[in-house]
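No hydrogens, no waters, no symmetry mates; every other heavy atom, side chains included, goes into these values.
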Amino acid sequence: MNSISIIGAGIGGLTLGNILKQHNLDFKIYESAPEIRPVGAGIMMAMNAMQVFDQLHLKEKIESAGNTIHGISITDASLRSISTTNSTEYEKKFNVSNVAIHRAELQRVLAENVGFESIRLNHTLEKIEKKDHYTLHFENGTAVESEIVFGADGIKSKIRNQIFKTGKIRNSGQKCWRGLVNYNLPEKYHHEALEIWGKAKRFGFVRISPTKVYWYAVIKDKDFYPDIDLLSLFNDFSPIVKDIIYTTNINDVIINDITDLSPIPKWYSDNLCLIGDSAHATTPNMGQGACQAIEDAYIIGKLLEKTKDFNAVFEDFQKIRRKKVDYIVSASRQIGKMSLWDHGTGLRNFLMRLMPESTSQKMIERLIQLER
């Protein structure tokens with residue numbers, strides 16, 4: 001029997017494994033994939049996540065595997081600035097930088113540090129039962145008993161669906177393409193992330209290594225049709241956008257609906273707790289989805305320093321985390337809608353340019369500051 005089982009070896013589950021390892025606790029991580037392999041696209045690890053990795057002594061490894069980002073800009077289709085965030089001041093204050101990285105590289109660093117002996121691959125959860133302890137039934141025919149279970153199994157969480165029987169997945173009405181391309185960005189974009197807002201569409205790109213650029217494109221569902229031509233769709237954007245799309249092997253591009261999770265009343269039950277997307281999935285518009293899963297793991301670790309009563313930890317964990325994640329889910333949803341306005345885009349851009357710097361600073365501080 002396991003003392004602790006974590007379902008899901010995504011970024012949240014692997015970070016939690018690293019936290020539990022720091023506490024010398026016995027655990028196993030169960031992952032449905034047959035191997036930790038280079039799939040997926042890029043991701044931004046914001047400074048709140050990087051503070052957690054710093055405490056895990058992984059900051060330098062993650063910076064080396066990715067690319068530090070010192071500024072984030074929103075522009076119009078012609079790359080005229082709408083909003084710019086220079087993070088130099090925050091880097092000095094928190095002693096970390098934003099890092100853009102391939103998801104698979106980040107997972108590799110986390111998995112190597114947690115130890116592959118603690119990860120069970122090819123274990124897709126089929127059913128969870130509660131008697132004296134939890135019994136986890138996997139599709140490969142194995143069954144495992146566990147005293148404590150963490151659900152880190154994403155927005156479609158089987159743990160949440162079977163134990164809590166709640167959680168409405170909300171479609172934002174937006175389609176997103178995500179791609180990776182070997183591309184030589186101009187030097188001024190080497191350490192800056194750009195998001196470009198047009199009329200009912202947006203495009204973002206960031207360098208994740210000396211040779212690779214991660215990009216994404218978003219439109220409304222109503223504007224999507226099979227075999228849509230991305231190059232034509234973004235024909236009115238800056239030449240660099242069109243060149244990035246043109247250079248990408250379109251067969252390697254991932255396309256998804258943008259979804260989030262309607263807030264659920266409770267993230268924990270007896271000896272069981274949800275973290276990350278299984279508890280509070282958000283749209284990606286603030287770059288905080290995985291970062292909030294990382295913060296979840298961090299807070300659980302801080303609470304375990306005070307007590308090893310997991311049920312007390314779970315109760316306090318939700319009390320501490322609830323306000324911040326509810327704010328992020330709500331704000332991210334609103335930003336996504338605003339970025340895809342059909343009409344009045346000039347007014348939108350004008351109003352955003354008028355936003356006081358102090359307002360954006362307060363929001364950034366709220367995101368970056370780790371809760372205690």
Closest non-hydrogen contact found for S87 with G71 is OG-N, 4.0 Å

Result block: side-chain N/O donor-acceptor pairs under 3.5 angstrom for residues 237-246, not counting sequence neighbours:
| unit_1 | atom_1 | unit_2 | atom_2 | d |
| --- | --- | --- | --- | --- |
| S238 | OG | I240 | N | 3.4 |
| K242 | NZ | N235 | O | 3.2 |
| D243 | OD2 | Y183 | OH | 2.7 |

query = Is any NZ, NE, NH1 or NH2 atom of the basic residue among K302 and D316 found under 4.0 Å from an Asp or Glu carboxylate oxygen of the other?
reply = no

Would you find more than 12 non-hydrogen atoms of other residues, nucleotides or ligands less than 6.0 Å from K308 atom NZ?
yes

For residues 112-124, the salt bridge (charged side-chain N to carboxylate O under 4.0 Å, His left out) pairs (sequence neighbours left out) are R108-E112

Taking atom NZ of K130 as the centre, report whether more than 12 heavy atoms of other residues, nucleotides or ligands fall under 6.0 Å from it.
yes

S157 and L274 have their tightest heavy-atom pair at OG-CD2, 4.2 Å

Tightest non-hydrogen contact, residues V329 and T282, listed as CA-OG1, 3.6 Å

Hits for side-chain contact (heavy atoms from CB on, under 4.5 Å) against R353, two or more places apart or cross-chain, chain-then-number order -> D76, R80, I82, N349

**F138-Y30 aromatic ring centre distance below 6.0 Å** = yes

Salt bridge (charged side-chain N to carboxylate O under 4.0 Å, His left out) pairs touching residues 142-164, sequence neighbours excluded, are E139-K158

Smallest heavy-atom separation, L20 atom then I4 atom, equals CD1-CG2, 3.9 Å

In K337, E195, Q334, R202, the residue satisfying side-chain hydrogen bond (donor to acceptor under 3.5 Å, both in side chains) with N285 is R202

| said: Less than 4.0 angstrom from a charged side-chain N to a carboxylate O is my criterion; do K362 and E365 meet it? | reply: no

Quiz: residues 184-191 side-chain donor-acceptor pairs under 3.5 angstrom, not counting sequence neighbours:
| unit_1 | atom_1 | unit_2 | atom_2 | d |
| --- | --- | --- | --- | --- |
| H190 | NE2 | L185 | O | 3.0 |
| H191 | ND1 | N67 | OD1 | 3.3 |
| H191 | ND1 | T68 | O | 2.7 |

Electrostatic pair K220:D342 at N-O distance under 4.0 angstrom | yes

Looking at E371 and K323, does any basic side-chain N land under 4.0 Å from a carboxylate oxygen?
no

For I320 and L303, the nearest pair of non-hydrogen atoms, with its separation, is CD1-CD2, 3.9 Å

Contacts satisfying salt bridge (charged side-chain N to carboxylate O under 4.0 Å, His left out) that involve residues 245-256 (not counting sequence neighbours) are none

inquiry  = Are the side chains of I368 and V96 in contact, using a 4.5 Å heavy-atom criterion?
reply    = no

Heavy atoms of V218 and C176 approach each other most closely as CG2-SG, 4.0 Å

Mind checking whether F150 and F310 have side chains closer than 4.5 Å, heavy atoms only? yes

Quiz prompt | Crowding at CZ, F116 (>12 non-hydrogen neighbours, <6.0 Å) | solution = yes

- Item | F317-I159 co-clustered via ILVMFWY side chain contacts under 4.5 Å | yes

